[in-house]
Amino acid sequence: MAQTPSLQEVLDVVEDLWPAYLAEDWDAVGLVAGRRDSPVRKIHFAVDPVSDVVNEACAAEADLLITHHPLLLRGVTSVEAGTFKGEVVHRLIESGCALLTTHTNGDSAVGGVNDVLCEILGLADTRPLAPTQTGLPEEGLGRIGSLPQGTTLGDFAATVFGVLPAVAGGVRVAGDRDAFIQKVALCGGAGDSLLNAAREAEADVFITADLRHHPASEAREAARGQRPYLIDVSHFASEWLWLPAAAQTLDRALLDRDFEVEIAVSGINTDPWDFVITPGH
């Protein structure tokens, strides 16, 4: 008969799936709030621990909220309820809902953010762009792989647009719309630190989020306007795609240990932009 796990027992399963040692040195992952001996009957997944998401999780009587992005990545000196982060902490504690962050460890792990993106885009023969120094060969930041059949940059960008959640910013592309591409590098979230790695791997195109002017411009100059072409997507959208897969993976792992938990994925769009104005509009 299935049992209700404690928070610690859920944390043990999460550590098996998305080990904390895979997190980058600057990151803040792990348990943010919650009692480890508390029972966990409902889990809520989301990208961002913003107020709307926390209120949704608490209203659903979730015992644990798992978010990709940290709440306390940068240090704070107070969590009084008059601040956004303080209010979130108070709401969680008062509602008995724990908060767990799975960030760059969720990016680097097998079956993490980048592997899910590869699967959705149909990439084969994938490997990390920046392999981890401490884990398995298939673990690390970013991925590079190949499309079974090549296509044009324009058509591929349209495919990328079609699989992502709809957000105001859409998809931006740097490169020849009619260029033939087959070798694809990607990094969910902000991946401009991997621009050189994508070029050295001889990718035809690199997909990531939050490409700023100077890194993107310098990458195009270094490539002399050629490959890798660039596809800039929403940070939120590129990482939200992982949530349903992560929820399913955690559910199966808990069931394997005879634990039964109700798991839900937030549908709230936490992309920070509301609308965009483009030429002709």
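The closest side-chain heavy-atom distance from L7 to D37 is not below 4.5 Å. In this structure the side chain of V53 never reaches within 4.5 angstrom of the side chain of N55, judged on heavy atoms. Taking the side chain as every heavy atom from C-beta outward, P5 and V10 approach each other to under 4.5 Å. Put simply, the side chain of L71 does not reach to within 4.5 Å of the side chain of T101, judged on heavy atoms. The shortest side-chain heavy-atom distance between T152 and R177 does not fall under the 4.5 Å cut-off. A 4.5 Å side-chain heavy-atom check between L100 and L11 finds at least one atom pair inside the cut-off. Considering only heavy atoms from C-beta on, V79 comes within 4.5 Å of V76 through its side chain.
The closest donor-acceptor contact from the side chain of T132 to the backbone of T134 lies under 3.5 Å. The closest donor-acceptor contact from the side chain of E15 to the backbone of A20 lies under 3.5 Å. Put simply, the side chain of Q182 gets close to the backbone of L147: a donor and an acceptor are under 3.5 Å apart. Listed for the S238 side chain is a donor-acceptor partner under 3.5 Å among the backbone atoms of H235. In this structure a side-chain-to-backbone donor-acceptor pair under 3.5 Å is missing from E87 to F84. In this structure, the side chain of T270 does not engage the main chain of F236 through any donor-acceptor pair within 3.5 Å. In this structure a side-chain-to-backbone donor-acceptor pair under 3.5 Å is present from E80 to G82. A donor-acceptor pair is defined here as one N or O able to donate and one able to accept, closer than 3.5 Å; no such pair exists between the side chain of T126 and the backbone of R143. Between the side chain of D63 and the backbone N or O of R41 there is at least one donor-acceptor pair closer than 3.5 Å. For T208 (side chain) and G191 (main-chain N/O), a donor-acceptor pair under 3.5 Å exists by modelled atom type.
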Legend entry - Stepwise side chain to side chain contact (heavy atoms under 4.5 Å, CB included) check, I268 with V50: CA-CA 10 Å; I268 295 176; V50 296; 5.8 Å; no
Legend entry - Evaluation steps, side chain to side chain contact (heavy atoms under 4.5 Å, CB included), between V265 and W240: CA-CA 9 Å; V265 173; W240 186 91; 4.0 Å; yes
Inset, instruction - For L73 and W26, run side chain to side chain contact (heavy atoms under 4.5 Å, CB included): C-alpha distance rounded to whole Å, both residues' side-chain angles, the deciding distance at 0.1 Å, then the answer. - result: CA-CA 8 Å; L73 180 60; W26 51 264; 4.2 Å; yes
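Between the side chains of H68 and D107, at least one donor-acceptor pair of N or O atoms lies under 3.5 Å. Counting only N and O atoms by type, the side chains of D12 and Q8 include a donor and acceptor under 3.5 Å apart. Residues S234 and D271 have side chains that bring a donor and an acceptor to within less than 3.5 angstrom of each other. Side-chain polar atoms of D27 and T104 form a donor-acceptor pair below 3.5 angstrom. Between the side chains of H69 and E239, a donor-acceptor pair is found at a separation under 3.5 Å.
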For residues 243-263, which side-chain N or O atoms pair as donor and acceptor with protein atoms under 3.5 Å away, sequence neighbours left out?
residue : atom : partner : partner atom : Å
T249    : OG1  : A245    : O            : 2.9
R257    : NH1  : A253    : O            : 2.9
R257    : NH2  : D16     : OD2          : 2.9

Please report, to 0.1 Å, the donor-acceptor pairs under 3.5 Å made by any side chain of residues 159-175, with sequence neighbours excluded.
residue : atom : partner : partner atom : Å
T159    : OG1  : D155    : O            : 3.2
R172    : NE   : D232    : OD2          : 3.0
R172    : NH2  : L211    : O            : 3.3
R172    : NH2  : D232    : OD2          : 2.6

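Between H44 and the options L99, L65, T67, a side-chain contact (heavy atoms from CB on, under 4.5 Å) holds for only L65.
With sequence neighbours left out, the side-chain contact (heavy atoms from CB on, under 4.5 Å) criterion links A60 to no other residue.
Scanning both residues, A185 and A203, for their nearest heavy atoms gives CB-CB, 3.7 Å. The nearest pair of heavy atoms linking V40 to T4 is O-CG2, 3.4 Å. Shown here for P19 and A109, the closest heavy-atom pair between the two residues is CD-CB, 4.4 Å.
Note that CG of N105 and OH of Y21 are 10.0 Å apart. Values are rounded to the nearest 0.5 Å. Between L121 atom CG and L186 atom CG the span is 6.5 Å, to the nearest 0.5 Å. Distance check: S95 OG to H90 NE2 gives 12.0 Å after rounding to the nearest 0.5 Å. In this structure, I231 CD1 and L153 CG are separated by 5.5 Å, a value rounded to the nearest 0.5 Å. Rounding to the nearest 0.5 angstrom, the gap separating the CG atom in L195 from the CD atom in E218 is 9.5 Å.
Under a 4.0 Å N-O distance rule, the pair R227/D204 qualifies as a salt bridge.
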